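Have a look at this one before I ask anything.
Residue numbers start from 1 in every chain, and the chains themselves are labelled A, B, ... in the order their sequence lines are given, proteins ahead of strands. The structure displayed is predicted, hence computed values, not measured ones.
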Amino acid sequence: MLGALKRLWHKLGSPRWFFALTSFWVSLFGWAALLFLLVGVVWGLAFAPADYQQGNSFRIMYVHVPAAMLAQSLYIGMGVAGFIGLVWRMKLTDVFIAASLPLGMAVTALALFSGSVWGRPTWGSWWEWDGRTVSTLVLFFLYVGIYALREAIAEMQLRARASALLAMVGTVNIPIIKYSVEWWNTLHQPASFGLTQKPAMPSEMWLPLLVMVLGFYALAGCVVLTRMRAEILHREGSARWVGEWVAGRRGS
Amino acid sequence: MYFDSFTEFLQMGKHGLYVWLAYGSTALVLLWTWLSAQQSLASVTRRVEQQAQLAARNTQLAARNTMSGGAATGSEREQNLAGYDESET
């Protein structure tokens, strides 16, 4: 059992093995994302009942909440990858960080923008210096910071170590985002959705949200794996297995 | 269907602008993340394929040169060098 685990651990560190394995998962996640997002958008926009206080503007929740959740999850993923990379010197963790950055930045910007658009009819303002809004803005700057850091350092090992460290340190911001609605007197509504408690809304309102969250995460799986494959090819371009892979592609 | 007519669906009560702005930006951003990832894999793949072709050509040339027992002709050598330059960029 332990031996098998150890073998798996070593395999996980091998870019070649990862590249061979992920082709299937990219298409699976891609189709799942398309399906979930289409169903979720139609359901959330046209079939879910309007909120008794917010009217139809509450439908923005179906894109705002998944974007914000994914923005934080990806950052946590980068922090964990950074830790593993620093401790066990695994090649793939830096590939993961590089591959997650563009998507993380994009969905954080999306969470901020859709929140702003939702805030206008609900709070009466496009922007509030609210605890959650500001800590999410900090999250965005962390993504931008790691991106800029990577662009600035040419030496690969140093770049990997520096971004791993920044990703790790930045995770202190995640609990701040999470508890901001409890710590500070705030405009942002608390979570109406959690793993442990029953949702504070009827099922015809939260089911589309669940579908949208699944769609966002499936898309993230597809996009991050695709980018990791590109990054692996880029780094291992002269390795023998890449040559064999190219030959196999031309043959098929 | 929650709405009675398509116009009502577009209007979203009085929140049409906000709802459609949020959904439109989401569609654009998600589409961009997917397309840019595909594009980056495609371009790396193309480059790796070119490098593989180049390497194959160079081994062929080298083999031919050894067989003919002499150095490569001038033009062949230039081709070789040009190939290496390409692969470095």
From B:L41 CG over to A:M228 CE, what is the distance, rounded to the nearest 0.5 angstrom?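 Here the rounded value is 13.0 Å.
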
Spacing of CD belonging to B:E8 relative to CG belonging to A:N56, to within rounding of 0.5 Å: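 Reported value, rounded in 0.5 Å steps: 9.0 Å.
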
So what's closer than 4.5 Å to chain B heavy atoms on A:A48: side chain, backbone, both or neither?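 The answer is the backbone of A:A48.
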
Does atom OH of A:Y147 have more than 12 heavy-atom neighbours from other groups under 6.0 Å away?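 Counting neighbours around OH of A:Y147, 12 or fewer heavy atoms of other residues, nucleotides or ligands fall under 6.0 Å, so no.
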
Out of curiosity, A:L110 CG to B:W32 CH2, how far, rounded to the nearest 0.5 Å?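 So the CG of A:L110 and the CH2 of B:W32 are separated by 11.5 Å.
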
Which answer fits A:F216, side chain, backbone, both or neither, if we ask what part of it has an atom under 4.5 Å from a heavy atom of chain B?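 Looking at A:F216, just its side chain touches chain B.
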
Just verifying a value: how many Å separate A:F113 CZ and B:L21 CG, rounded to the nearest 0.5 Å?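 If we round to the nearest 0.5 Å, A:F113:CZ and B:L21:CG are 4.0 Å apart.
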
Using a 4.5 Å cut-off on heavy atoms from C-beta on, say whether the side chain of A:L45 contacts that of B:W20.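 The answer is yes; the side chains approach within 4.5 Å.
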
Given a strict heavy-atom distance threshold of 4.5 Å, which part of B:F9 is in contact with chain A: side chain, backbone, both, or neither?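 Side chain only.
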
Which is it for B:T45 and A:R229 under the side chain to side chain donor-acceptor pair (under 3.5 Å) test, yes or no, and what are the steps along the way? CA-CA 10 Å; B:T45 305; A:R229 290 167 68 77; over 6 Å; no

Which bit of B:S36 is near chain A, if near means a heavy-atom gap under 4.5 Å: side chain, backbone, both or neither?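 Both backbone and side chain.
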
Which distance, rounded to the nearest 0.5 Å, do you find between the OG of A:S116 and the OH of B:Y18?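 If we round to the nearest 0.5 Å, A:S116:OG and B:Y18:OH are 10.5 Å apart.
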
Give the minimum heavy-atom separation between A:A46 and B:F3, together with the two atoms involved.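 Taking A:A46 first and B:F3 second, the nearest heavy atoms are O-CD1, 4.0 Å.
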
How many angstroms lie between atom NE2 of B:H15 and atom OG1 of A:T122, to the nearest 0.5 angstrom?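 One gets 6.5 Å once the value is rounded to the nearest 0.5 Å.
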
Measure distances from A:L219 to the heavy atoms of chain B and classify the residue's part below 4.5 Å as side chain, backbone, both or neither.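 Side chain only.
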
I need the residue from A:S57, A:G55, A:A99, A:S114 with the largest number of non-hydrogen atom pairs under 4.5 Å to chain B.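 Looking at each option in turn, the highest pair count goes to A:S57.
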
Less than 4.5 Å to any heavy atom of chain A: does that hold for the side chain of B:V29, its backbone, both, or neither?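 Interface part for B:V29: side chain.
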
Of all the residues in residues 236-246 of chain A, which have a heavy atom that comes within less than 4.5 Å of a heavy atom in chain B?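 Residues of residues 236-246 of chain A touching chain B at under 4.5 Å: A:G237, A:V242, A:W245, A:V246.
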
What residues of residues 26-42 of chain A sit under 4.5 Å from chain B when you count only heavy atoms?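 From residues 26-42 of chain A, the residues near chain B are A:L37, A:V41.
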
Assess the side chains of A:H234 and B:R47: does a donor N or O sit below 3.5 Å from an acceptor N or O?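 Note: A:H234 and B:R47 side chains meet the donor-acceptor criterion.
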
Chain B contact via A:E231 - which portion, at a heavy-atom distance below 4.5 Å: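 Nothing of A:E231, per the 4.5 Å heavy-atom cut-off to chain B.
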
At a 4.5 Å cut-off on heavy atoms, which part of B:Q11 comes close to chain A: side chain, backbone, both, or neither?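 For B:Q11, neither part sits under 4.5 Å from chain A.
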
With a 4.5 angstrom heavy-atom cut-off, is it the side chain or the backbone of B:L28 that approaches chain A, or both, or neither?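 For B:L28, neither part sits under 4.5 Å from chain A.
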
Tell me whether B:Y2 contacts the main-chain N or O of A:G44 through its side chain, where contact means a donor paired with an acceptor under 3.5 Å.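 Answer holds: no.
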
